[in-house]
Chemist: 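Here you go, one structure.
Only a predicted model underlies this, so the values are computations on that prediction, with no experimental measurement involved. FYI, side chains are in, hydrogens and waters are out, and symmetry mates aren't considered; it's all heavy atoms of this structure. Numbering of ligands and ligand atoms starts at 1, following listing order.
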Amino acid sequence: MTAPLNPLNRIRPDVRAMHAYTVQSADGLLKMDAMENPFGLPPHLQAALGQRLGALELNRYPGPRNDDLRAALAQYVGLPEGCALILGNGSDELISLVTLACALPPGADGQRPVVLAPVPGFVMYAMSAQLQGLDFVGVPLTPDFALDEAAMLAAIAQHRPAITYIAYPNNPTATLWDAAVVQRTVDAVAAVGGIAVMDEAYQPFASRTWLDAMRAEPARNSHVLLMRTLSKFGLAGVRLGYLIGPAALVGEIDKVRPPYNVSVLNCEAALFALEHADVFAAQAAELRVQRTRLIAALRAMPGVEHVWDSEANMVLVRVPDAARAFAGMRERKVLVKNVSTMHPLLARCLRLTVGSDSENARMLDALQASI
Ligand SMILES: *Cc1c(COP(=O)(O)O)cnc(C)c1O
């Protein structure tokens with residue numbers, strides 16, 4: 001007897017064994033779990049954006065308007081000389097494209113290309129590697145979430161990774177690693193002929209950017225790609241990321257990009273946002289003020305064991321019982337992220353998004369009552 005034919009058997013076993021990425025339901029909850037900007041567009045800008053979007057030719061594929069956006073972003077960041085910039089449907093897509101471009105088949109020794117990143121870190125680096133047939137090597141941070149320089153250098157020398165990710169600042173720890181240590185890590189990547197990817201998703205809230213290093217020492221950073229996104233800038237719903245790097249390298253990544261990956265709606269909304277960059281800059285400035293207050297309040301809260309410094313719009317806290325605190329906060333209609341089981345170094349940790357003054361007050365009350 002032959003086995004019954006089942007098209008599901010054509011799906012990769014590793015994919016069938018996976019769980020779909022679940023976005024936790026936030027119905028009726030104060031959403032403090034995903035580093036979203038709490039401030040919407042002011043009403044007069046909503047109206048103006050509506051007009052712009054309504055007038056678009058939705059019957060046409062995206063065209064030269066994407067070049068306008070690339071030019072506007074290049075100007076916004078001050079694109080370093082010799083660098084190019086491409087767009088992605090969020091940074092998530094760019095991570096996927098960089099991985100795809102490096103997805104060589106296993107070598108004669110059976111060795112697959114390696115993606116390396118510090119852990120705990122952003123989950124998409126490992127996920128993208130796994131899905132595209134690359135091996136992922138996670139290098140633990142120190143217990144205070146600094147880059148473990150010796151461990152990084154040793155792992156890079158041993159595994160000779162194709163791609164090394166540095167989230168600058170890191171998620172979920174919110175740390176901006178020491179620039180000298182990062183530079184020596186980037187140098188070690190160059191020494192094995194790898195590509196370093198600086199992920200600056202949280203740049204609006206950080207005190208430093210790696211673009212300065214790329215400008216100051218272009219040769220030393222000629223293997224560095226830098227990605228940013230408008231998500232934490234205030235446009236998570238728009239899905240717009242961008243990748244910057246030496247033109248030759250970026251040109252190769254561009255070849256694996258789906259030609260119409262950024263819709264005319266995303267594109268126009270992003271152009272509109274850049275025309276009003278001052279509004280978003282003021283929102284980011286307000287969130288940096290709120291972050292300082294939130295950290296101070298958390299450090300003064302009885303029962304909170306530790307609060308880490310933050311260079312992002314999130315704060316990592318250690319509590320006596322993360323599951324209990326998470327559940328208690330949820331009962332009080334505040335949704336945060338329980339990261340305590342993501343990695344041993346994150347034991348008993350919750351990740352809190354920095355919100356507006358009133359949101360943070362509600363979050364603090366809920367935490368206090370749940371700890
Ligand atoms: C949120 C986040 C991203 C994802 O950005 P999108 O543009 O929304 O896909 C990338 N990297 C890090 C470290 C993040 O935290």
Chemist: If we set the cut-off at 4.0 Å for heavy atoms, which region of Met124 has an atom near ligand 1: side chain, backbone, both, or neither?
Modeler: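 Neither; nothing of Met124 gets under 4.0 Å from ligand 1.
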
Chemist: Examine ligand 1 and decide if any of its atoms is less than 4.0 Å from a heavy atom belonging to Arg239.
Modeler: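 For ligand 1, residue contact (heavy atoms, under 4.0 Å) with Arg239 is present.
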
Chemist: For atom 15 (O) of ligand 1, which protein heavy atom lies nearest, and how many Å away is it?
Modeler: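 For this ligand atom, the closest protein heavy atom is Tyr202 OH, 2.6 Å.
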
Chemist: Considering only Ile, Leu, Val, Met, Phe, Trp and Tyr, and joining two whenever side-chain heavy atoms are under 4.5 Å apart, list the other residues clustered with Tyr260.
Modeler: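 Hydrophobic cluster check, Tyr260: joined to Tyr61.
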
Chemist: Tell me: protein heavy atom nearest atom 5 (O) of ligand 1, and distance?
Modeler: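 The closest heavy atom on the protein side is Ser91 CB, 3.7 Å.
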
Chemist: For Phe122 together with Tyr125, are the ring centres under 6.0 Å from each other?
Modeler: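 Centroid distance Tyr125-Phe122: below 6.0 Å, so yes.
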
Chemist: Considering only non-hydrogen protein atoms, determine which one is nearest to atom 8 (O) of ligand 1 and report residue, atom name and distance to 0.1 Å.
Modeler: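 Of the protein heavy atoms, Ser231 OG, 2.6 Å lies nearest.
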
Chemist: Any idea which atoms of ligand 1 are less than 4.0 Å away from a heavy-atom of Lys232?
Modeler: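 Taking each heavy atom of Lys232 in turn, ligand 1 has 1 (C), 2 (C), 3 (C), 4 (C), 14 (C), 15 (O) under 4.0 Å.
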
Chemist: Any side-chain donor-acceptor pair under 3.5 Å between Tyr168 and Arg208?
Modeler: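 Present: a donor and an acceptor within the cut-off.
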
Chemist: List the closest protein heavy-atom neighbour of atom 11 (N) of ligand 1: residue, atom name, distance to the nearest 0.1 Å.
Modeler: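 So the nearest neighbour among protein heavy atoms is Asp199 OD2, 2.6 Å.
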
Chemist: Verify the distance criterion only: is there a donor paired with an acceptor across the side chains of Ser207 and Glu311 at less than 3.5 Å?
Modeler: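 The answer is yes; a qualifying pair exists.
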
Chemist: Between Asp92 and ligand 1, which part of the residue brings a heavy atom under 4.0 Å of the ligand: side chain, backbone, both or neither?
Modeler: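 Asp92 to ligand 1: contacts from backbone and side chain alike.
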
Chemist: Give yes or no for whether the N/O distance cutoff of 3.5 Å, strictly under, is met between Thr229 and ligand 1.
Modeler: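 Checking ligand 1 against Thr229, an N or O pair does fall under 3.5 Å apart.
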
Chemist: Keeping Trp177 on the side-chain end and Phe145 on the backbone end, is there a donor-acceptor pair under 3.5 Å?
Modeler: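 It does hold such a pair.
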
Chemist: Side-chain donor-acceptor pair under 3.5 Å between Arg16 and Asn9, yes or no?
Modeler: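 Short answer, yes.
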
Chemist: What I want to check is whether the side chains of Thr209 and Glu200 have a donor and an acceptor closer together than 3.5 Å.
Modeler: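 Judged by distance alone, the side chains do pair up.
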
